[in-house]
Amino acid sequence: MKKLITSSADFEMIFKEYYNPLCNFINQYIKNWEDAREIVQTTFLNIWKARDRIMLETSVKSYLFQAAKNTMIDHIRKNKRNIEIRNLDINTDVSEEESGNIDALIIRERIEKACLELKPKNREIFFLNKFEGLTYEEIANHLNISKRAVEDNISRAIKLLREQLKNDKNLFD
């Protein structure tokens, strides 16, 4: 394994070489140049922020294209949520809403804690589906595994979490 970026000159060279190809690649999927450029810029910003932790097992090109694709998926998911939120008709009392948010946060915290018992790949698949909103097919494509493998992993995760959380007094009063 080797580091992706060892200096700002490395980063600048990688940026200049791959910025336009990455924009073209992302635009093939989303058909919007402005969003494609934003996604690629976000990808490079994330890489810069994590530059000390990124160790390559593949080529620079493969890493960058996969990173850009992951950023694009996050972007699409975020925009989908924003559209759904804007379309909601909110007719609830503020105190009820805050109470529901607190309960949801407690439940999510308990589930995330229980997820630490899952195997890493199983946990990743579960999080992508339940917390990030990806479909089984999207996860299968993202991780280069079969849709059936995703289904099996989700099923195992739910079974284990159900077993771990069934006696949690904070969740079930």
Side-chain angles (χ1 to χ4, degrees), residues 1-6 10-11 14-15 17-85 104-105 107-165:
M1 283 196 289
K2 65 177 184 166
K3 269 192 151 186
L4 174 64
I5 299 169
T6 56
D10 285 347
F11 180 79
I14 291 169
F15 182 86
E17 183 175 347
Y18 290 102
Y19 179 79
N20 287 329
L22 287 170
C23 287
N24 291 331
F25 172 70
I26 297 299
N27 191 55
Q28 288 176 343
Y29 290 100
I30 62 172
K31 308 290 188 231
N32 182 320
W33 280 107
E34 186 176 319
D35 285 350
R37 285 190 291 271
E38 180 181 331
I39 289 166
V40 172
Q41 288 172 3
T42 301
T43 301
F44 277 108
L45 178 63
N46 293 339
I47 289 170
W48 179 253
K49 288 178 180 177
R51 66 187 176 277
D52 294 334
R53 297 184 309 271
I54 299 174
M55 300 298 283
L56 290 184
E57 295 179 4
T58 63
S59 70
V60 171
K61 181 178 180 179
S62 295
Y63 180 86
L64 292 173
F65 277 79
Q66 187 62 52
K69 187 175 179 183
N70 292 344
T71 304
M72 176 189 66
I73 291 168
D74 291 342
H75 176 82
I76 291 168
R77 197 176 311 123
K78 178 182 168 192
N79 284 339
K80 180 180 172 189
R81 278 195 205 122
N82 288 342
I83 290 167
E84 288 172 1
I85 289 169
L105 288 173
I107 292 168
R108 182 179 173 130
E109 180 182 290
R110 298 283 196 254
I111 292 171
E112 286 177 350
K113 186 176 180 185
C115 282
L116 295 175
E117 299 299 316
L118 297 172
K119 292 180 180 175
K121 192 69 154 186
N122 195 225
R123 181 177 36 225
E124 178 184 17
I125 291 169
F126 181 80
F127 269 78
L128 286 171
N129 179 251
K130 301 301 180 188
F131 293 120
E132 300 294 331
L134 266 66
T135 65
Y136 288 4
E137 190 170 326
E138 289 171 328
I139 296 168
N141 291 336
H142 177 70
L143 298 175
N144 294 323
I145 59 176
S146 71
K147 187 176 172 184
R148 179 68 186 166
V150 174
E151 292 169 358
D152 290 344
N153 273 278
I154 297 289
S155 177
R156 270 194 304 273
I158 290 172
K159 184 178 178 182
L160 183 94
L161 293 174
R162 190 177 289 141
E163 188 63 34
Q164 287 185 339
L165 297 172

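Given the structure is predicted, the values throughout are model-derived calculations rather than measurements.
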*Asks:* Working to the nearest 0.5 angstrom, can you tell me the gap between Ile125 CD1 and Tyr136 OH?
*Replies:*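 So the CD1 of Ile125 and the OH of Tyr136 are separated by 10.5 Å.
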*Asks:* Given 3.5 Å as the limit, does a donor-acceptor pair link the side chain of Arg77 with the main chain of Asp74, or not?
*Replies:*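 No.
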*Asks:* Please name the pair of heavy atoms, one in Phe126 and one in Ala157, separated by the smallest distance, quoted to 0.1 Å.
*Replies:* CD1-CB, 3.7 Å
*Asks:* Can you name the nearest heavy-atom pair linking Ala114 to Leu161, along with the distance?
*Replies:*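 That closest heavy-atom pairing would be CB-CD2, 3.5 Å.
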*Asks:* Looking only at non-hydrogen atoms, find the nearest pair between Ala36 and Cys23 and report the distance.
*Replies:*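 Heavy-atom minimum between the residues: CB-O, 3.7 Å.
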*Asks:* Under 4.0 Å between a Lys/Arg side-chain N and an Asp/Glu carboxylate O for Asp152 and Arg148?
*Replies:* yes
*Asks:* Output every pair passing side chain to side chain donor-acceptor pair (under 3.5 Å) with a member in residues 59-70, not counting sequence neighbours, ordered by first then second residue.
*Replies:* Ser59-Ser62, Gln66-Asn70, Asn70-His142
*Asks:* Just verifying a value: how many Å separate Glu138 CD and Lys147 NZ, rounded to the nearest 0.5 Å?
*Replies:* 11.0 Å
*Asks:* Checking Phe25 now: which residues fulfil ring pair (Phe, Tyr, Trp, His ring centres under 6.0 Å) with it, not counting sequence neighbours?
*Replies:*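 Ring pair (Phe, Tyr, Trp, His ring centres under 6.0 Å) list for Phe25, sorted by chain: Tyr29, Phe65.
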*Asks:* How far apart are the closest heavy atoms of Gln28 and Lys31, and which atoms are they?
*Replies:* O-NZ, 2.7 Å
*Asks:* Quick check: do Ile145 and Val150 have side-chain heavy atoms less than 4.5 Å from each other?
*Replies:*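 Yes, their side chains come closer than 4.5 Å.
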*Asks:* Tell me the closest heavy-atom pair linking Ile30 and Ile76, and the distance in Å.
*Replies:*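 Minimum heavy-atom contact is CG2-CD1, 4.0 Å.
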*Asks:* Once you round to the nearest 0.5 Å, how far does CG of Asn141 lie from OG of Ser146?
*Replies:*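 Going from the CG atom of Asn141 to the OG atom of Ser146 covers 11.0 Å.
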*Asks:* How close do Asn32 and Asn27 get, heavy atom to heavy atom, and via which atoms?
*Replies:* N-OD1, 2.8 Å
*Asks:* Roughly how far apart are Ile39 CD1 and Met72 CE, rounded to 0.5 Å?
*Replies:* 7.0 Å
*Asks:* Between Thr71 (side chain only) and Ala67 (backbone N and O only), is there a donor and an acceptor less than 3.5 Å apart?
*Replies:* yes
*Asks:* If we ignore hydrogens and angles and just use 3.5 Å, is the side chain of Arg123 paired with the main-chain N or O of Leu116 as donor and acceptor?
*Replies:*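 Yes, because the side chain of Arg123 sits within donor-acceptor range (under 3.5 Å) of the backbone of Leu116.
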*Asks:* Quick one: which of Glu163, Arg156, Gln164, Arg162 gives a side-chain contact (heavy atoms from CB on, under 4.5 Å) with Leu160?
*Replies:*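 In the set Glu163, Arg156, Gln164, Arg162, the residue that makes a side-chain contact (heavy atoms from CB on, under 4.5 Å) with Leu160 is Gln164.
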*Asks:* Once rounded to the nearest 0.5 Å, what's the spacing between atom CD1 of Ile158 and atom CG of Asn129?
*Replies:* 7.5 Å
*Asks:* Return the orientation label for the Tyr19 and Phe44 ring planes: parallel under 30°, perpendicular over 60°, tilted otherwise.
*Replies:*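 Taking Phe44 first and then Tyr19, their aromatic rings sit tilted (interplane angle of 30° to 60°).
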*Asks:* Nearest 0.5 Å, please: how far is CD in Glu17 from CG in Leu22?
*Replies:* 10.0 Å
*Asks:* If you define the side chain from C-beta out and look only at heavy atoms, does anything of Lys121 sit under 4.5 Å from Glu124?
*Replies:*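 Yes, their side chains come closer than 4.5 Å.
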*Asks:* Answer yes or no: is there a donor N or O on one side and an acceptor on the other, between the side chain of Asn153 and the main chain of Ala149, under 3.5 Å?
*Replies:*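 Such a contact is found between Asn153 side chain and Ala149 backbone.
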*Asks:* Is the shortest heavy-atom distance from the side chain of Glu38 to the side chain of His75 under 4.5 Å?
*Replies:* yes
